[in-house]
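This is a predicted model, so every value here is computed, not measured.
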Amino acid sequence: MRIVQKIIFIALSLHSGLIFAAADTVFLGGPIVTVNAKNEEVQALAVQNGKIVAVGKEAEVKKKWIDKDTKVIDLHGQTLMPGFVEPHVHIVLTSMVEGLWLDLSNFTLPYDTIDTLSQKLKAQLKSVPAGGWLAGFGVDPSRTTPFMAELNADTLDKVSTEVPIFIINQSGHIGYVNHKAMELAGVTDQTPNPPGGGIYVKDAQGKLTGKLIEPPSYLPFQAKMPPPTEGELVQAMKKTTSKMAATGITTSAEISLGANLGLDNETRLFKSLTANEGLPLRVRAYLYGPAIPKGFDAIKPNDGDDRLRFIGVKFLSDGSTQGLTAALNEPYIYPVGTTQRGDLDYKDEEIFDLMKPFFDQGWQISIHANGSRAIEQTLNNYEKLLAGNVHPETRRLRIEHFTINTSEQVKKAKQLGVVPGFTIGHVDYWGEAFHDHIVGAERANRIDPSASFKKAGARFAYHSDSPVSPYGPLRYISEGAARVWQLPPQKILGPEERVSVDDAIRAVTINAAYQLMADDKIGSLEVGKLADFVILDKNPRKTAAEQIANIQVKETWVGGKKQN
C-alpha cells in the first residue's frame, strides 16, 4: 500500500510541476501574508523553478526545503505578500504620456489654472521638432481653478498658431486642439461627428470650439501626428513598466490593445518585448474593439503564455463622470439647472451586436461604463449574452468603473457574475468634486460601491486606469478602506462603502487575479502558484488605513526572480 501511495504522490508532483527537492529560495523572518481562503499569515515560503512549493511554519520549511545550495532570505521583520495585480491600465498610452508627451497630470495641491497650464505648454514648445505636434495628456477641468475652467482652440492658439496642439483630458474621454491642428486634420464646421460617440463640439453659432468628446473624435488628429519610432516606444514601455513594478505590480492588464497605434503594431511591440524579457511584469491583454479589423483572426482567445496572454475584448459605452460625459439616469448638478445627463456611445442593439461575435468566439468581454444609464445598458446586454445556460463563472464579464450606480445594479451584477473594477482614486482625487459639484451627496456616496458588493457576496477589484489616475496599489488599499478625499477640509466619501483593509488587499490581489482569469496562478501565496510577490517595509494589515499608501515597496519578485 505504501508503494502505491508513493507512486501516486510522485505522479501528482510531476503533474503539478513541483519536484520535491531543495528549494531555490526560502523566505523567512517576517510576516508572510498569503491572502488564501483563510487569510492566513505564515512564517516561511519556499520557491523552486519559479513556483511556490511551500508555505507554512519556519521549522517545517527549513527541515524539508533547505540544503547547502538554497538561498535563504531573512526578511528582517519586513512583510512578504502576493504581488499586486493591476487589472486595468493603458500600458501603451501611459508609456507615451510618461516618456514621449507632455504630462500635465497634477495629483497634488494646489490645482492648476489655465495660466499655469498655458505656461507648461509654452515651455514644451521648444522641444517640438520641425513638423512635429505638441502632444500632451492630463488637463482636468474638475481639478482646475476655477472649477471647470477648460482649454479650447482660442486659448491654445495663444500658445501657438503654427505648431499643431493635441491635448487629452485626464479622463481620456475629452480632447483639446488648436486651429492649426484642425486645419491639418481636415476637421471643419461641416465635418460630421464620427460614429461610436465622437463629437466635435461647436458653440451656439455652429463654430468648432476645439473640444473633442470620446476617442473616435481624436482619430483625424492622431492620423496626422508623426508616430513614435519603435525604439522610442520600446524605451518608454520599459521605463513605465519598471516604474509599475517598483510599486509592487507583478501582473497588469493592457486594457485597450491597439487603441493608440493600431492592433498589429501594439501586438508586435508586446510580443517583441516579452520575447526579449523586456518587461518586468506579466501582461494580460484586452483587444480594443473598435481597433479590430473586420474578419480579424490572427489572435485567438487565450493565446499566449504566463508572461503575455490575450484574453479579452473591450468596448466603451459612455464617457467620463468628472468630465460630465458619463451617461447617467438623472442629470448632473453642474452647471446649476442643467438637464444634461451624458450620452451613451451606442444604442443598446448596436453595442450588443458588436460584443456578441467576440463573446461567441470565447473572448472575455469588458465594457467601460461609468454612469448609471451605461451600467444599466451593459447589464441588460450581459444578461442577453449569458442566456442559454452559459455559466457566469466561466466568462467573468467585466464592467470597468461602475462609478455612478444603484443598489439594484449591484444585485444584478452579482446575479450575472459580473466582476466590476473600480477606479478607486475617484474617492481620493475627485471625491469633493463629485460630492459638492458634479452629482451631489447621495450619488457621490455610492461611487465605487465596495461594501455593497462585499455585502452582496460578490467580488470587486481596484485599478488605476492609468494614465487616468496614478498606479500604485498600496494607495488603492488606502483609498478603498479609508475613502478620504484629498481636497481640504478632508472628508470621508460614503463612509458606509468603506471596507476592511483585508478586503481592500483582496481587491488588488486575488480578486484582481480572478478578474484577469488568472487566480489559479497568481493573486495569493499558495503551493503551485507562480512565485510573484512583494516585500514591504510594513505590514498593511497592521497599519492604519489612511497610512497604507505610505508603506514602501522594498522588492518585487516575478517568477522567483527579483525585478528591482
Side-chain angles (χ1 to χ4, degrees), residues 2 5-85 245 248-252 274-275 277 279-284 304-309 509-510 513-514 516-536 553-564:
R2 287 184 178 178
Q5 288 176 331
K6 187 172 183 180
I7 291 171
I8 293 172
F9 179 71
I10 293 171
L12 289 172
S13 300
L14 292 171
H15 178 71
S16 66
L18 306 178
I19 307 301
F20 285 82
D24 302 321
T25 314
V26 167
F27 296 82
L28 44 78
I32 296 174
V33 179
T34 64
V35 197
N36 63 12
K38 295 180 180 179
N39 224 26
E40 295 172 305
E41 286 192 16
V42 298
Q43 298 172 331
L45 178 144
V47 175
Q48 181 190 85
N49 296 326
K51 290 186 176 181
I52 298 169
V53 291
V55 288
K57 294 180 180 179
E58 182 176 321
E60 293 176 359
V61 173
K62 279 183 173 180
K63 181 178 179 180
K64 186 171 184 179
W65 293 102
I66 293 178
D67 72 3
K68 61 182 178 62
D69 296 320
T70 301
K71 182 176 183 180
V72 179
I73 296 179
D74 189 338
L75 295 170
H76 296 292
Q78 297 180 125
T79 296
L80 187 148
M81 65 182 294
F84 298 130
V85 181
I249 296 169
T250 54
T251 295
S252 174
T274 304
E277 298 185 350
L279 299 180
L281 40 77
R282 306 182 194 279
V283 175
R284 294 221 155 194
D305 55 26
D306 288 335
R307 294 298 301 199
L308 172 64
R309 192 173 297 281
T509 53
I510 192 64
Y514 180 89
L516 291 180
M517 301 281 195
D519 54 307
D520 60 328
K521 297 179 180 294
I522 59 173
S524 61
L525 302 179
E526 300 180 77
V527 172
K529 288 196 172 184
L530 298 168
D532 296 0
F533 41 79
V534 293
I535 298 174
L536 309 175
V553 175
K554 307 301 288 187
E555 297 177 10
T556 303
W557 292 66
V558 176
K561 296 181 180 179
K562 184 180 173 184
Q563 300 299 308
N564 64 329

Requested in this report: Any chance you could lay out the side-chain contact (heavy atoms from CB on, under 4.5 Å) test for T274 and V283, step after step, and finish with the verdict?
Outcome: CA-CA 9 Å; T274 304; V283 175; 5.9 Å; no

Requested in this report: Could you check N36, D519, I522, V85 and say which one makes a side-chain contact (heavy atoms from CB on, under 4.5 Å) with I510?
Outcome: D519

Query - Minimum-distance pair of heavy atoms, taken over all atoms of N39 and T34 - result: C-OG1, 4.2 Å

Query raised in the report: Given the rule in the side-chain contact (heavy atoms from CB on, under 4.5 Å) test, do V61 and I66 qualify, once you have shown the distances and angles that lead to the verdict?
Result: CA-CA 7 Å; V61 173; I66 293 178; 5.5 Å; no

List the atom pairs, with distances to 0.1 Å, where a side-chain N or O of residues 71-83 and a protein N or O form a donor-acceptor pair under 3.5 Å, not counting sequence neighbours.
from : atom 1 : to   : atom 2 : distance (Å)
D74  : OD1    : H76  : N      : 2.8
Q78  : NE2    : L75  : O      : 3.4
T79  : OG1    : N539 : N      : 3.3

Query raised in the report: Stepwise, does the salt bridge (charged side-chain N to carboxylate O under 4.0 Å, His left out) test hold for K62 with E58?
Result: CA-CA 6 Å; K62 279 183 173 180; E58 182 176 321; 3.0 Å; yes

Query raised in the report: Quick check: does any side chain N or O of D305 sit under 3.5 Å from a backbone N or O of L308, one acting as donor and the other as acceptor?
Result: yes

Requested in this report: State whether the side chain of Q43 and the backbone N or O of G56 hold a donor-acceptor pair below 3.5 Å, judged by distance alone.
Outcome: no

Query raised in the report: Hey, does the side chain of R284 reach the backbone of R309 with a donor-acceptor pair shorter than 3.5 angstrom?
Result: no

Query raised in the report: For K562, which residues count as a salt bridge (charged side-chain N to carboxylate O under 4.0 Å, His left out) partner, sequence neighbours excluded?
Result: E555

Query - D532 and R282: CA distance, side-chain angles, deciding distance, salt bridge (charged side-chain N to carboxylate O under 4.0 Å, His left out) verdict - result: CA-CA 10 Å; D532 296 0; R282 306 182 194 279; 2.7 Å; yes

Report task. Kindly indicate whether the side chain of I32, heavy atoms from C-beta on, has any atom under 4.5 Å from the side chain of L45. Result -> yes

Query raised in the report: Going through the distances and angles, do K529 and E526 end up as a salt bridge (charged side-chain N to carboxylate O under 4.0 Å, His left out)?
Result: CA-CA 6 Å; K529 288 196 172 184; E526 300 180 77; 3.6 Å; yes

Query - Where at least one partner belongs to residues 24-48, residue pairs that pass salt bridge (charged side-chain N to carboxylate O under 4.0 Å, His left out), sequence neighbours excluded - result: E41-R541

Query raised in the report: Taking side chain as C-beta onward, heavy atoms only, is F27 less than 4.5 Å from W557?
Result: yes

Report task. Might you point out which heavy atoms bring V35 and S524 nearest each other, and give the distance in Å? Result -> O-CB, 3.4 Å

Report task. First locate atom CH2 of W65, then atom CD of Q48, and finally report the distance between them rounded to the nearest 0.5 Å. Result -> 5.5 Å

Query - Close side-chain approach of F533 to T250, heavy-atom, < 4.5 Å - result: no

Query raised in the report: So, the side chain of T70 versus the backbone of A22: is there a donor-acceptor pair under 3.5 Å, distance only?
Result: no

Query raised in the report: Side-chain contact, heavy-atom cut-off 4.5 Å: D306 with L530?
Result: yes

Query raised in the report: With distance as the sole test, does R307 use its side chain to make a donor-acceptor pair with the main-chain N or O of L279 at under 3.5 Å?
Result: yes

